[in-house]
Amino acid sequence: MAEASSAYLGGGCEEKRHEELSPESVPPGATISRVKLLDTMVDTFLQKLVAAGSYQRFTDCYKRFYQLQPEMTQRIYDKFIAQLQTSIRDEISEIKEEGNLEAVLNALDKIVEEGKDRKEPAWRPSGIPEKDLHSAMAPYFQQQRDTLQRHVQKQEAENQQLADAVLAGRRELEELQLQVQARQQAWQALHREQKELVAVLREPE
């Protein structure tokens with residue numbers, strides 16, 4: 001079942017996209033757009049993330065619960081992986097939208113293509129590369145820093161919620177273990193009483 005979950009969550013679309021962008025499928029001298037490269041990197045990351053967080057490792061972390069509720073454990077794992085992938089994709093899409101990354105990457109591709117046949121050095125407003133680079137990149141890095149700060153704050157809040165959920169889950173597991181132990185002790189006590197009763201009944205009058 002773990003293999004089926006990983007195959008389902010990894011998706012066939014990503015594999016097809018990797019095949020389209022594999023070195024063998026790209027003609028010599030051709031270039032791959034940076035937007036497609038970014039999407040491929042995200043897909044590869046998600047596939048490796050699912051492989052690293054395999055169902056076997058998940059059950060190893062919650063052995064007692066898995067032994068008591070194997071089907072529930074499988075459903076929890078599937079839902080967790082699906083929500084994790086969706087959350088990561090949503091976060092990356094939000095970053096791409098806020099930074100207008102697709103337009104920037106496409107513009108960069110266009111600049112690179114146009115500059116392939118250029119012989120003379122590129123013109124710079126001040127003639128000082130360091131100064132021009134700083135003036136062009138400083139606003140971008142400022143924007144990225146603000147965006148990252150917002151995402152860090154959001155992630156910290158989500159991490160706290162996840163930690164609270166994990167603690168709640170541990171409490172439920174502890175309560176379940178106590179119930180199992182109590183039932184086991186009650187069964188053992190009943191078994192002893194039955195043995196004592198049988199022994200009394202077998203005694204000659």
Side-chain angles (χ1 to χ4, degrees), residues 1-18 21 35-102 104-105 140-190:
M1 296 179 70
E3 289 78 8
S5 299
S6 297
Y8 158 72
L9 293 167
C13 295
E14 288 80 358
E15 294 178 0
K16 182 177 180 183
R17 191 176 301 157
H18 292 321
L21 296 180
V35 173
K36 288 185 178 180
L37 284 175
L38 177 61
D39 292 338
T40 302
M41 289 172 60
V42 173
D43 294 336
T44 302
F45 167 74
L46 291 177
Q47 285 184 340
K48 291 183 178 180
L49 180 65
V50 172
S54 64
Y55 181 69
Q56 181 62 47
R57 292 184 178 181
F58 186 81
T59 55
D60 288 343
C61 294
Y62 300 97
K63 279 187 178 180
R64 293 182 180 272
F65 184 73
Y66 169 69
Q67 293 170 352
L68 295 170
Q69 297 286 344
E71 294 182 357
M72 177 66 73
T73 305
Q74 178 69 54
R75 289 197 296 270
I76 292 174
Y77 171 79
D78 290 342
K79 186 175 181 180
F80 170 73
I81 292 296
Q83 289 181 344
L84 179 62
Q85 286 190 315
T86 300
S87 176
I88 292 174
R89 289 187 184 279
D90 290 343
E91 289 286 340
I92 292 175
S93 296
E94 186 177 344
I95 292 174
K96 288 169 67 176
E97 290 177 2
E98 289 186 2
N100 197 22
L101 287 186
E102 288 196 10
V104 172
L105 293 176
Y140 170 77
F141 285 126
Q142 178 68 35
Q143 180 186 14
Q144 292 302 307
R145 187 186 68 176
D146 296 340
T147 300
L148 287 174
Q149 286 179 344
R150 289 196 298 271
H151 282 293
V152 167
Q153 293 172 355
K154 182 178 179 181
Q155 191 62 49
E156 288 176 347
E158 292 178 354
N159 289 345
Q160 184 60 47
Q161 292 178 355
L162 182 60
D164 294 340
V166 170
L167 289 176
R170 287 180 179 175
R171 294 193 195 97
E172 292 179 0
L173 287 176
E174 291 173 357
E175 292 177 359
L176 185 60
Q177 289 174 357
L178 291 175
Q179 292 177 6
V180 171
Q181 291 176 357
R183 291 179 182 177
Q184 183 179 10
Q185 292 173 358
W187 180 85
Q188 291 174 347
L190 178 61

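Computed from a prediction, not measured in an experiment: that's the story for all the values here. One is the number of the first residue; the rest follow in order along the sequence.
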Using side-chain heavy atoms (C-beta onward) and a distance below 4.5 Å, is [X] in contact with [Y]?
X: Phe45; Y: Met41; value: no
X: Thr73; Y: Tyr55; value: yes
X: Leu38; Y: Glu102; value: no
X: Leu105; Y: Leu37; value: no
X: Lys96; Y: Asp39; value: yes

Any chance you could measure [X], atom [atom1], to [Y], atom [atom2], to the nearest 0.5 Å?
X: Glu175; Y: Leu173; atom1: CD; atom2: CG; result: 9.5 Å
X: Gln149; Y: His151; atom1: CD; atom2: NE2; result: 11.5 Å
X: Arg89; Y: Asp43; atom1: CZ; atom2: CG; result: 5.0 Å
X: Ile88; Y: Gln83; atom1: CD1; atom2: CD; result: 12.0 Å
X: Thr147; Y: Ile95; atom1: OG1; atom2: CD1; result: 8.0 Å
X: Thr86; Y: Ile81; atom1: OG1; atom2: CD1; result: 11.0 Å

field: Steps toward side-chain hydrogen bond (donor to acceptor under 3.5 Å, both in side chains) verdict (Gln142, Arg145)
entry: CA-CA 5 Å; Gln142 178 68 35; Arg145 187 186 68 176; 3.3 Å; yes
- request: Classify the angle between the aromatic ring planes of Phe80 and Phe58 as parallel (below 30°), tilted (30 to 60°) or perpendicular (above 60°).
  value: parallel
- prompt: Applying side chain to side chain donor-acceptor pair (under 3.5 Å), which residue pairs with at least one partner in residues 155-174 are found, sequence neighbours left out?
  reply: Gln155-Asn159, Gln160-Asp164
- prompt: Can you tell me if Gln56 and Asp60 form a side-chain donor-acceptor pair at under 3.5 Å?
  reply: yes
message: Testing the 3.5 Å rule here: is there a donor-acceptor pair between the side chains of Arg64 and Gln67?
response: no
task: Could you please spell out the steps behind the salt bridge (charged side-chain N to carboxylate O under 4.0 Å, His left out) verdict for Lys154 and Glu94?
output: CA-CA 13 Å; Lys154 182 178 179 181; Glu94 186 177 344; 3.7 Å; yes
Residue pair Ile76, Tyr62: steps toward the side chain to side chain contact (heavy atoms under 4.5 Å, CB included) verdict: CA-CA 11 Å; Ile76 292 174; Tyr62 300 97; over 6 Å; no
